[in-house]
Amino acid sequence: MQLERLQVEFDGPVARVWMNRPEARNAFDGLMTTELRKTLFDLRTVDSVRVIVLGGRGPAFCAGADLQWMKATVAFTREENLREAQGLADLFFTVYESPKPVVARVHGAALGGGAGLVAACDIPVAALGTQFGFTEVRLGIIPAVISPYVVSKIGESAARELFLTGERFEAVKACEIGLVRQAVPEEDLDQVVEARIGELLQSAPRAVAEAKALIREVAFRRIEDVQRYTVERIADIRISAEAQEGMKAFLEKRKPYWIV
Ligand code: COA
């Protein structure tokens with residue numbers, strides 16, 4: 001697919017996906033949404049790729065939904081309007097349920113859907129000075145399709161504060177509430193992202209995908225409802241070739257094959 005809104009770089013086991021619409025601070029319109037969703041979806045089955053890094057070109061990570069595009073939905077039928085909103089919801093879900101770990105490289109600003117994208121990623125690392133905010137209510141809209149990802153990361157207490165005020169906040173607070181995992185000086189951002197990639201590449205690829213699926217399944221469920229599932233998962237996975245290799249390598253004091 002010819003990409004207009006993204007740049008995708010392949011670097012061994014790492015795919016770097018750059019939102020590339022700096023003139024609009026990487027706000028996502030229909031085209032950006034489609035390209036991002038399709039790219040993330042296609043990467044699911046690229047075996048050589050073990051880590052995805054999502055970043056933004058220009059001064060900001062992502063200014064959220066394109067407000068021109070959101071505004072234009074007034075002329076849509078309800079069906080068309082629902083279809084557009086579904087496209088956006090599908091994008092966040094594709095990021096969230098990707099079997100590959102997604103590291104977000106966040107700088108400048110991550111607002112509205114941009115902050116939602118951060119929440120859907122596995123390991124978001126932000127530069128100090130990045131502006132975050134769920135600014136939707138200030139525009140008369142609501143952080144609807146991003147809310148499941150955000151609330152599960154930051155909890156109800158912070159969501160009540162930040163969804164209702166729409167206030168902007170900085171990276172240290174984003175880290176404190178669990179929206180990002182690390183807040184680091186901007187000049188260290190790439191180095192820290194590389195370190196996170198290095199950690200992820202120590203992990204067995206199938207085990208990583210299974211661990212992500214496990215989190216999805218057990219989050220916010222009663223223990224008695226998920227216990228059988230967790231028992232079945234470990235019973236199946238510990239006899240897999242990858243698990244046998246990982247445990248054997250440890251006992252033989254050597255590296256497993258996935259560490260190159
Ligand atoms: N949708 C559409 N266009 C957007 C946009 C958005 N979400 N965010 C920024 N832009 C556009 C601006 O309109 C401007 O366009 P112009 O050059 O034609 O005037 C351009 O991007 C640059 O924006 P500007 O505000 O001048 O850049 P900045 O670097 O000073 O600030 C932000 C960047 C992201 C902090 C600021 O643009 C901002 O606060 N945007 C609103 C984000 C928001 O509330 N998003 C929630 C959407 S639900």
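All ligand and atom numbering here is 1-based and tracks the order in the structure. The analysis underlying the following values was restricted to heavy atoms, covering all of them including side chains, and did not include hydrogens, waters or symmetry mates.
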Side-chain touch Trp69/Glu84, heavy atoms, less than 4.5 angstrom: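 They are in contact (side-chain heavy atoms under 4.5 Å apart), so the answer is yes.
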Can you check whether Thr77 reaches Glu80 side chain to side chain, under 4.5 Å on heavy atoms?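 Yes, their side chains come closer than 4.5 Å.
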Less than 6.0 angstrom from the centroid, inside 45 degrees of the normal: does Arg44 satisfy that with respect to the ring of Phe41? yes
Does the pair Glu245/Arg254 count as a salt bridge with the N-to-O cut at 4.0 Å?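 Between Arg254 and Glu245 there is a salt bridge, with a charged N closer than 4.0 Å to a carboxylate O.
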Are any protein N/O atoms closer than 3.5 Å to the N/O atoms of ligand 1? If there are, list each pair with names and the distance to one decimal place.
unit_1   : atom_1 : unit_2 : atom_2 : d
ligand 1 : 1 (N)  : Leu67  : N      : 2.9
ligand 1 : 7 (N)  : Ala63  : O      : 3.0
ligand 1 : 7 (N)  : Ala65  : O      : 3.0
ligand 1 : 21 (O) : Glu23  : O      : 3.3
ligand 1 : 27 (O) : Arg25  : NE     : 3.2
ligand 1 : 27 (O) : Arg25  : NH2    : 3.2
ligand 1 : 29 (O) : Arg25  : NE     : 2.8
ligand 1 : 29 (O) : Arg25  : NH2    : 3.3
ligand 1 : 39 (O) : Arg168 : NH1    : 2.8
ligand 1 : 39 (O) : Arg168 : NH2    : 3.1
ligand 1 : 44 (O) : Thr135 : OG1    : 2.7
ligand 1 : 45 (N) : Ala63  : O      : 2.9

Quick one about Glu242 and Trp258 (side-chain donor to acceptor, distance below 3.5 Å, no hydrogens or angles considered), yes or no?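 No donor-acceptor contact under 3.5 Å links the two side chains.
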Using only heavy-atom distances, determine whether the side chains of Arg196 and Gln182 contain a donor-acceptor pair under 3.5 Å. yes
